[in-house]
Amino acid sequence: MEISGAPDPGLIPPSDAVHENKWYNKDFDGYRITEQPLHAKRHLRIICVGAGAAGLQIAYKAERALTNIDLQIYEKNSDIGGTWLENRYPGCTCDIPSHSYQFTWARNPTWSQYYSTSEEIWQYFKDVATKFDLEKYVQLKTTVESATWDEESGQWKVSILGPDGKRGDDWCDILISGSGVLNSWKYPNIPGLDLFKGKLMHSAKWDNDYNLTGKTVAVIGGGSSAVQIIPNIQDRVGKLYAFLRSPVWITTGFGAKYAGPGGTNFEYNTEQTQKWKENTEEYNTYARGIEGELNKRFNLMHMHSTDQKNSRQLIADLMTNKLSNDKLAKKLIPEFALGCRRMTPGSGYLESLSKENVEVINESAVRLTETSIVDESGVEHEVDVVICATGFDTSFTPHFKVTGRNDADIKTQFGDFPVGYLGITAENFPNMFLLIGPNGPVSHSSILPILEWYTRYAFQMIYKFQTENIKSFEPKRGAVKDLYNHTHELMKRLVWSSACRSWFKMGKTHGPVTAIYPGSRLHFFELLKEVRWEDYELTYKTGNRFQFLGNGYTFTEMSPDGDPVWYFDDEFTKI
């Protein structure tokens, strides 16, 4: 007798029909079988807020790794690209090598420089979006205003402001905040911003039509943006006041082993880029070498390591030589650990501070008048232009209002001490991913492979959510607390906890490190290989968690081409 391989259960009687085996003439808590095979994927709607690097990553991977979903990306700007669309100030360059700051699935052998400009990086993102037709998922000029969790449906209700200025409603099963950490720029909290009658600019909202030539300019801030702006405008302004309240380590570029002399930038010649286009293997070896070099920095991040001690002395000596001014050196070379604030490569920056038309003010700007900027000593400096290189809102809260379970408001919950789970989920906010949330690896070299790994992690969760009858997932309070304890106990030995004013500590000198993952980059990748489901609270769409088992069949046996002995080829059988 030959048995058919195709499913044919024949007549399936009603659950309450009389059974020939009397024991089965009972009801099992009202449970009924779902007529579907094991791991059937229910339809999901996913909303991602932001079409920068995270949004593009999600769009590309979702198209290839997920099925039976609708993906909608909302972007507030008029184009894709996120921070690289917005930041166009003079000298705006990525301090991560170009061949690391790229998607693993869209390698670009034709980068023009070792460290690329914001324009070139944005063009790369635009080219990638066009090549893979990713913009079909994106609705531009659309602001997500709020998202509210609905417990009954297990969905997010989303309010949007569309390109036509009209408000509308949307919903999703999975919400992804992909607007990044350094996205929501802010002016400093000083009086008189509204009184100043000169030109007021923020580094993230640069006015390229404004001519700085001959103007008297004040730059507030000493972080990465200011370090790039000052040397790039110094030679054309009449006078420049640099308000540098805090010292900062000015280092060579990251991945300096492959950079130009002294860790400087350089341009690739046409012959080299053409060779890489033709020889993929050689190019991949080069890109992997740079990536590997960036992964060798965790020793340096320990406050009392030999690498920290030696590097700190080396950088201090380099800074002293470039400043050629003992008074400035004493003010600008930090006493705190190297890396406590983000290490800041700055080609030409230190040299520019010693120029005749530059005056360094090692005090805060305390207020603006109609025509001047006033320092802590009460001295007024008459200026035409005030440039605020004062950073971003680093509270890790989405730029839209989020109301989660138990009416929790994410902005209120995070407050001045945001706490999450592995930098991607947070208590009280089910079915929501944060890219990147509190204590993620934001200072662990190139962010693009990190975003890819977070996407991988999220997709593992989405697959289980979609195939196992799950209504919601949320990190358990105990898991969040245990991870919190581990994070801050380990931070005691790491440079990020050193006593310096840093956005890693939300602008505090003495306070918790809220922005950094407690481990190396490779540690992060390895930990997030698999989801620790024991750390999540799961609820189900029905009263039986095993509803997803369905009718006893699998998709493999239902497919004419299914392999009925696939388990013979499992990796474990090959050991």
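Sequence positions, counted from 1, serve as the residue numbers for this chain.
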Novice: Go through the side-chain N and O atoms of Gln466 and Asn68 and say whether any donor and acceptor fall under 3.5 Å apart.
Specialist: no
Novice: Checking salt bridge (charged side-chain N to carboxylate O under 4.0 Å, His left out) for the pair Glu63/Lys136: CA distance, chi angles, key distance, verdict?
Specialist: CA-CA 11 Å; Glu63 192 170 283; Lys136 65 189 176 193; 3.1 Å; yes
Novice: Would you sort out whether Lys529 and Glu526 count as a salt bridge (charged side-chain N to carboxylate O under 4.0 Å, His left out), showing the intermediate values?
Specialist: CA-CA 5 Å; Lys529 274 184 179 179; Glu526 192 156 327; 5.1 Å; no
Novice: Have a look at Trp496 and tell me which of Met303, Arg342, Met491 forms a side chain to side chain contact (heavy atoms under 4.5 Å, CB included) with it.
Specialist: Met491
Novice: Can you label the angle between the Phe417 ring and the His488 ring as parallel, tilted or perpendicular, going by 30° and 60°?
Specialist: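 Perpendicular: the ring planes of Phe417 and His488 meet at over 60°.
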Novice: Let's go through Phe555 and Leu38 carefully: what are the C-alpha distance in whole Å and the side-chain angles of both, what is the deciding distance for side chain to side chain contact (heavy atoms under 4.5 Å, CB included) to 0.1 Å, and is it a yes or a no?
Specialist: CA-CA 7 Å; Phe555 278 104; Leu38 175 67; over 6 Å; no
Novice: Could you grab the distance from atom CD1 of Ile290 to atom OG1 of Thr285, nearest 0.5 Å is fine?
Specialist: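 The OG1 atom of Thr285 is 11.5 Å from CD1 of Ile290, to the nearest 0.5 Å.
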Novice: Would you call Arg167-Glu145 a salt bridge at under 4.0 Å N-O?
Specialist: yes
Novice: Ring centres of Phe433 and Phe459 under 6.0 Å apart?
Specialist: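 So the answer is no for these two rings.
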Novice: Please report the interatomic distance CD1(Ile176) to CD1(Ile73), rounded to the nearest 0.5 Å.
Specialist: 8.5 Å
Novice: Checking Lys26 against Trp23: charged group under 6.0 Å from the ring centre and within 45 degrees of the axis?
Specialist: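 Geometry flag: set, cation within 6.0 Å and 45°.
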Novice: Do Phe429 and Trp149 have their ring centres less than 6.0 Å from each other?
Specialist: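 That pair fails the under 6.0 Å test.
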Novice: Could you tell me if the side chain of Leu294 sits less than 4.5 Å from the side chain of Ile96, heavy atoms only?
Specialist: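 Of all side-chain heavy-atom pairs linking Leu294 with Ile96, at least one is under 4.5 Å.
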Novice: Strictly distance-based, threshold 3.5 Å: is any side-chain N or O of Ser305 a donor or acceptor partner for the main-chain N or O of His302?
Specialist: yes
Novice: Does atom CG (Asp407) have a neighbourhood of more than 12 heavy atoms from anything else shown, all under 6.0 Å?
Specialist: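 No, CG of Asp407 has 12 or fewer neighbouring heavy atoms, counting only those of other groups under 6.0 Å.
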Novice: Does one side chain, of Glu557 or Thr554, offer a donor that lies under 3.5 Å from an acceptor on the other?
Specialist: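 Yes - a donor-acceptor pair under 3.5 Å links their side chains.
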Novice: Do we see a donor-acceptor contact under 3.5 Å between the side chains of Asp127 and Gln123?
Specialist: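 Distance-only check passes for Asp127 and Gln123.
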Novice: Does atom CG (Asp29) have a neighbourhood of more than 12 heavy atoms from anything else shown, all under 6.0 Å?
Specialist: no
Novice: Would the Phe548 and His39 ring centres measure less than 6.0 Å apart?
Specialist: yes
Novice: Between atom CG of Leu175 and atom NZ of Lys157, what is the distance when rounded to the nearest 0.5 Å?
Specialist: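 It comes to 12.5 Å.
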Novice: Report yes if the side chains of Ile80 and Leu56 come closer than 4.5 Å at any heavy-atom pair, otherwise no.
Specialist: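 Side chain of Ile80 against side chain of Leu56, heavy atoms only: contact under 4.5 Å found.
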Novice: Begin from the C-alpha positions of Ser443 and Ile516 and carry the test side chain to side chain contact (heavy atoms under 4.5 Å, CB included) through to its verdict.
Specialist: CA-CA 7 Å; Ser443 188; Ile516 305 293; 3.6 Å; yes
Novice: Check the pair Asp27 / Ser15 against side chain to side chain donor-acceptor pair (under 3.5 Å), numbers first and verdict last.
Specialist: CA-CA 8 Å; Asp27 187 83; Ser15 183; 4.9 Å; no
Novice: Check whether any side-chain N or O of Gln72 sits under 3.5 Å from a backbone N or O of Ile47 as a donor-acceptor pair, and report yes or no.
Specialist: no
Novice: Among Tyr517, Phe298, Trp453, which residue satisfies the ring pair (Phe, Tyr, Trp, His ring centres under 6.0 Å) criterion with His523?
Specialist: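 Among Tyr517, Phe298, Trp453, the one meeting ring pair (Phe, Tyr, Trp, His ring centres under 6.0 Å) with His523 is Tyr517.
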Novice: Within a radius of less than 6.0 Å around CD of Glu281, do more than 12 heavy atoms belonging to other residues, nucleotides or ligands occur?
Specialist: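 No, CD of Glu281 has 12 or fewer neighbouring heavy atoms, counting only those of other groups under 6.0 Å.
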Novice: Between Lys277 and Glu282, is there a side-chain N and carboxylate O pair less than 4.0 Å apart?
Specialist: no
Novice: So, the side chain of Thr467 versus the backbone of Ala40: is there a donor-acceptor pair under 3.5 Å, distance only?
Specialist: no
Novice: Looking at Arg45 and Asp170, does any basic side-chain N land under 4.0 Å from a carboxylate oxygen?
Specialist: yes
Novice: Looking at Glu152, is its backbone amide N or carbonyl O close enough to the side chain of Lys471 to form a donor-acceptor pair, meaning the two atoms are under 3.5 Å apart?
Specialist: yes
Novice: Aromatic rings Tyr60 and Phe132: how do their planes relate, parallel, tilted or perpendicular, breaks at 30° and 60°?
Specialist: perpendicular
Novice: Are the side chain of Asn439 and the backbone N or O of Val513 linked by a donor-acceptor pair below 3.5 Å?
Specialist: yes
Novice: So Pro163 and Gln139, do their side chains get closer than 4.5 Å, heavy atoms only?
Specialist: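 Touching, per the 4.5 Å side-chain cut-off.
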Novice: Could you go step by step and tell me if Tyr536 and Tyr421 meet the side chain to side chain contact (heavy atoms under 4.5 Å, CB included) rule?
Specialist: CA-CA 10 Å; Tyr536 282 91; Tyr421 176 80; 3.4 Å; yes
Novice: For Asn295 and His444, which I'm curious about, is there any donor-acceptor pair between the side chains at under 3.5 Å?
Specialist: no
Novice: Please determine if Arg456 forms a cation-pi arrangement with Tyr454, meaning its NZ or CZ atom is less than 6.0 Å from the six-membered ring centre and no more than 45° off the ring axis.
Specialist: no
Novice: What distance do Cys172 atom SG and Ile69 atom CD1 have between them, rounded to the nearest 0.5 Å?
Specialist: 12.0 Å
Novice: Treating Thr573 as the side-chain partner and Phe568 as the backbone partner, does any N or O pair qualify as donor plus acceptor under 3.5 Å?
Specialist: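 It does hold such a pair.
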Novice: Do we see a donor-acceptor contact under 3.5 Å between the side chains of Asn25 and His19?
Specialist: no
Novice: Could you tell me whether a side-chain N or O of Tyr283 sits under 3.5 Å from a main-chain N or O of Asn108, the two making a donor and an acceptor?
Specialist: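 Yes, the answer is positive, given that a donor and an acceptor are paired below the 3.5 Å cut-off.
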Novice: Quiz question: by atom type and distance under 3.5 Å, do the side chains of Asp150 and Ser153 form a donor-acceptor pair?
Specialist: yes
Novice: For side chain to side chain contact (heavy atoms under 4.5 Å, CB included), just list the numbers for Glu151 and Arg405, CA-CA rounded to whole Å, side-chain angles, deciding distance to a tenth of an Å, and then say yes or no.
Specialist: CA-CA 7 Å; Glu151 193 69 60; Arg405 187 169 270 163; 2.9 Å; yes
Novice: Has Lys61 got a side-chain atom pairing as donor or acceptor with Leu66's backbone, closer than 3.5 angstrom?
Specialist: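 Here the side-chain-to-backbone pair does not exist.
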Novice: Between Glu75 and Asn77, is there a donor-acceptor pair closer than 3.5 Å when you use the side chain of the first and the backbone of the second?
Specialist: yes
Novice: Looking only at side-chain N and O atoms, does Gln102 offer a donor or acceptor that is under 3.5 Å from a partner on Trp111?
Specialist: yes
Novice: Under the ring pair (Phe, Tyr, Trp, His ring centres under 6.0 Å) rule, what do Tyr137 and Tyr74 come out as? Steps first, then yes or no, please.
Specialist: CA-CA 8 Å; Tyr137 299 107; Tyr74 289 121; over 10 Å; no
Novice: Going by atom types only, do Gln547 and Thr34 share a side-chain donor-acceptor pair under 3.5 Å?
Specialist: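 Yes.
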Novice: Keeping Arg107 on the side-chain end and Asn284 on the backbone end, is there a donor-acceptor pair under 3.5 Å?
Specialist: no
Novice: Which value, rounded to the nearest 0.5 Å, describes the distance between Asp173 atom CG and Ile470 atom CD1?
Specialist: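 One finds 12.5 Å between CG of Asp173 and CD1 of Ile470.
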Novice: So, is the end of the Arg42 side chain (NZ or CZ) under 6.0 Å from the ring centre of Phe465 and within 45° of the ring's axis?
Specialist: yes
Novice: Quick one: do Glu427 and Arg477 make a salt bridge, cutoff under 4.0 Å?
Specialist: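 Answer for the salt bridge query: yes.
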Novice: Please determine whether the number of non-hydrogen atoms from other residues, nucleotides or ligands lying under 6.0 Å from atom CZ of Arg32 exceeds 12.
Specialist: yes
Novice: For the residue pair Lys41 / Thr67, report whether a side-chain donor-acceptor contact shorter than 3.5 Å exists.
Specialist: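 Present: a donor and an acceptor within the cut-off.
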Novice: If you count the non-hydrogen atoms of other residues, nucleotides and ligands that lie under 6.0 Å from NZ in Lys574, is the total more than 12?
Specialist: yes
